[in-house]
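Each remark here refers to the structure printed beneath this line.
Numbered from 1 within each chain, the chains take letters A, B, ... in sequence-line order.
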Amino acid sequence: MRASPAGPLSQRMSACFHFAAALDQGLKAAATTAGFDLALFDPDVRVAAAQHGDFQANGSLAYAKQAKQNPRAAAQALVAALPSETLALAKVEIAGPGFLNFTLLPSALETWLAAFPTESALRSASSATLAGQTWVVDYSSPNTAKQMHVGHLRSAVIGEAVARIVAFAGARVVRDNHIGDWGTSFGKIIWAYKHALATDRAALEAALASTPLEEFERLYKVGNTTADADPAVLEASRAELVKLQSGDPENIAIWRHIGEVSVAAFQKIYDLLGIRFDETLGESFYNDKVPAVYTEMLASGVAEESQGALVVFHDENPRYSRHAERPNPFIIRKADGAANYASTDLATILYRHTQFNADAALYVVDKRQGDHFEQLFLTAQKWFAATGRKLPRLEHLGFGTVLGEDGRPLKTRNGENIKLKDLLQEATDRARRLVDERSADIPEAERATIAEIVGVGSVQYADLSQNRSSDYTFAWEKMISLEGNTAAYLLYAVARLHSLFRKLDARPGDPAVESAASPLETAAELALARKLVQFADAQQQTIATLRPHFLCLYLYELAGTFSAFYTADKVAVEDPAIRARRLRLCARTLLVLETGLHLLGLRTLARM
RNA sequence: GCAGUUGUAGCUCAAUUGGAUAGAGCAUCUGACUACGAAUCAGAAGGUUAGGGGUUCGAUUCCCUUCAACUGCACCA
């Protein structure tokens, strides 16, 4: 890199990371110069279709409409007033009714490549977006005493990806596993446990020693079916529940045991998915924090008594109004005085506010619970307003159902839920067959690791690469497939890049190589560089929508652009300057691909 | 019954929230390994965006309507 008159340091400081944001700024400055009414003008810069350049700004059209001007004239006035910093980044053209098309100058691409050579450089450039904010991400949240099944996949995978993406953008993230560890079911489990202890102690202890969670899950089913059939057992279960809730040491010990083995079993799956929670504050944690909520809700007039229960109506919303045809209030305390889902969720919001000082709380939960969250958020809004607290941004990241190929929720042939453990194992087995077939030369132990990374990564990626709010059809063939928008395709591109650096005995980002790079020249080189600099846009879009499929799509396109480049332009050429500039492109591609895949929660491979 | 969501190529999905000629992959068809990994690449074909109407410079996107599927509706989470 040649030093500019201002010196290399200031050049680095001023290197543009997010071109769309810089163009946005430039256009706003131009609008001021041109005398636009800034209240009506939003540049609306976005990534453009390739035939229109790198970015397009549509804002002059909307502005002209509102200000009753000719859109093309407005566009011309903007272009004439663009500051020199903007013109140093891109070439501008006016097209059609008044679109502004920007094509980045090769020099701007070169500067970007030079300025962001490492993951920490990307991270610090990205971290301005959410710096200083605290975001709680509430995800996974299985029930104890039950194994995780396929229905728990999406929350875990999407939640982890969102947590990583938001953290990369500079937020302090609190990952909270809001486990279901409290409720009426524990009376039945404890009854069944004690029953098994009395009738066949040896079998119980053996089962608890080998597969504890499976055994508690079995006991729950036993308790459930027995209590359904026998009123005396139902009554006995209720009594066990009351003892548990009033702090009976024996029942508390059993309940703790259930929680411990459950969390330990969950962690094995989380390890595969790259998940580590900061907090595991389940429903039981909020048990003693609920009464204060009732008091405040009543005192502030937000809640009222109805049919013996404590409820909140939202009369301004026809769906939750007391005047609705079939009123559907938010029940925050049941008529029998017990807490429910709503009670603990309200206590949880307060805790996240006071304890973590959360600016945002994201709930990664099945979209079928949309009504619940809508009522919860409306209620919290009124409650916090009445008590003078600042409400965090509350958002339900709803997701669709995983369907089988018959279009019904995915189940085993017997109609049971597929255990998440089994699903990930099957994915690993399928990947293993492929690895054995294609890479028989790799040692056995490494093939096992590769199979796990490809198999589990395929499941994660298949989930993340679709818009989270729609249902999706689970198809093994498509998921483990090596082609198309799949984990294997991306991991293969990464493995090839590692392989290249191994073969050439080169190190990605080696300054001695990079300083020898000549300017980008071929169409494939320029296309790859253009795609690389869009990393910031992919991040921005993913954060704005909290939908990881935008990041997936970008990485897939980047891998495709790279593969095309790699076929068209040979890297290991004689000319040292050409070789150096292509190696630099390869190093950045590897960096962005791996950084992006890690943000999604996937592990990457040096060979496969 | 009321409400919500969804409907895009044969199949599985996108479309930056109103932007330009609606894009990918799979499957199909043509090509490219004496080649830095062919788990790859280049190309072709595939569409009345469920149907109809409206709003405007512009609609898959907003409004109305019909049809279809799914989901939620007082003490489960």
Short side-chain N/O contact from A:Ser563 to OP1 or OP2 of B:rA38, under 4.0 Å: no
Nearest-nucleotide pick for A:Arg46, side chain only, options being B:rG19, B:rG37, B:rC36: B:rG19
Under 3.5 Å on both distances, the Watson-Crick or G-U partner of B:rA68: B:rU6
Options B:rU56, B:rC36, B:rA24, nucleotide nearest the side-chain atoms of A:Tyr566: B:rC36
B:rA20 versus B:rA3 - spacing of their C1' atoms, nearest Å: 38 Å
P atoms of B:rG23 and B:rC70, separation to the nearest Å: 32 Å
Centroid-centroid distance, A:Phe99 to A:His52, less than 6.0 Å: no
Integer-rounded Å distance: B:rA77 P and A:Tyr220 OH: 11 Å
Side-chain (A:Asp138) to main-chain (A:Leu362) donor-acceptor, under 3.5 angstrom: no
Check: A:Phe330 ring centre within less than 6.0 Å of A:Tyr320 ring centre: no
P gap between B:rG18 and B:rU6, integer Å: 13 Å
Sugar-phosphate, base or nothing in reach of A:Asp537, heavy atoms under 4.0 Å: nothing
Integer angstrom distance from the P of B:rC26 to that of B:rC63: 36 Å
Side chain of A:Tyr472 (C-beta onward), nearest among B:rC13, B:rC36, B:rA77: B:rC13
Whole-Å distance separating the CZ atom of A:Phe474 from the C1' atom of B:rC13: 16 Å
Spacing between A:Gln375 atom CD and B:rA3 atom P, to the nearest angstrom: 16 Å
Closest to the A:Phe550 side chain, choosing from B:rA15, B:rC57, B:rU17: B:rA15
Distance, P atom - from B:rC29 to B:rA14, rounded to whole angstrom: 28 Å
Nucleotide paired to B:rC57 in any strand shown, Watson-Crick or G-U, under 3.5 Å: B:rG19
ring centroid sep under 5.5 Å plus plane angle under 30, A:Phe99 with B:rA20: yes
Complementary nucleotide for B:rA74 - Watson-Crick or wobble, under 3.5 Å: none
Whole-Å gap separating P (B:rA3) and NE2 (A:His323): 17 Å
Phosphate contact (B:rU16 OP1 or OP2) by A:His549 side-chain N/O below 4.0 Å: no
Distance, rounded to the nearest Å, where A:Lys65 contributes NZ and B:rU56 contributes P: 8 Å
Sugar-phosphate only, base, or nothing, as touched by A:Glu283 at under 4.0 Å among non-hydrogen atoms: sugar-phosphate
A:Val311 side chain, from C-beta outward: closest of B:rA20, B:rA15, B:rA74: B:rA74
Distance, rounded to the nearest Å, where A:Tyr556 contributes OH and B:rG25 contributes P: 5 Å
N or O in side chain of A:Ser499 less than 4.0 angstrom from B:rG37 OP1/OP2: yes
Separation between the P atoms of B:rC13 and B:rA50, rounded to whole Å: 16 Å
Nearest-nucleotide comparison on RNA chain B, the residue closer to the 5′ end among A:Gly96 and A:Gln466: A:Gln466
Donor-acceptor pair under 3.5 Å, A:Ser306 side chain vs B:rA74 base: yes
Nearest listed nucleotide, side chain of A:Arg368, among B:rA15, B:rU71, B:rA77: B:rU71
Under-3.5 Å donor-acceptor pair between A:Thr567 side chain and B:rA32 base: no
Nearest heavy atoms of A:Gly404 and A:Thr473, plus distance in Å: O-CG2, 3.6 Å
Protein-nucleotide distance (A:Asn58, atom CG; B:rA20, atom P), rounded to Å: 8 Å
Nucleotide of B:rA14, B:rC13, B:rU40 approaching A:Thr473 most closely (side-chain heavy atoms): B:rC13
Pairwise P distance, B:rG10 and B:rG19 [rounded to whole Å]: 26 Å
Given B:rG25, B:rA74, B:rA39, the nucleotide with the shortest approach to the side chain of A:Asn328: B:rA74
Sugar-phosphate, base or nothing in reach of A:Ala95, heavy atoms under 4.0 Å: base
Aromatic ring proximity, centroids under 6.0 angstrom, A:Phe377 and A:Phe373: yes
Selection from B:rG37, B:rA24, B:rA14 that lies nearest to any side-chain heavy atom of A:Tyr492: B:rG37
Phosphate OP1/OP2 of B:rU40 contacted by A:Arg496 side-chain N/O (<4.0 Å): no
Residue matched to B:rA42 through Watson-Crick or wobble contacts both under 3.5 angstrom: B:rU30
Residues in side-chain contact (heavy atoms from CB on, under 4.5 Å) contact with A:Ala475, at least two apart in sequence or another chain: A:Glu405, A:Lys478
Nearest-0.5 Å distance, OG1 of residue A:Thr589 to CG of residue A:Leu532: 4.5 Å
Length of the CH2-C1' vector between A:Trp182 and B:rC76, whole Å: 17 Å
Sidechain-backbone polar pair: A:Tyr461 side chain, A:Val456 backbone, donor-acceptor under 3.5 Å: no
Ion pair check, A:Arg154 and A:Asp471, cut-off under 4.0 Å: no
Side chain of A:Asn143 - closest among B:rA38, B:rA77, B:rC41: B:rA77
Counter-base of B:rA35, judged by Watson-Crick or G-U geometry with both distances under 3.5 Å: none
Upstream residue (5' side of RNA chain B) when A:Glu325 and A:Ser470 are each assigned their closest nucleotide: A:Glu325
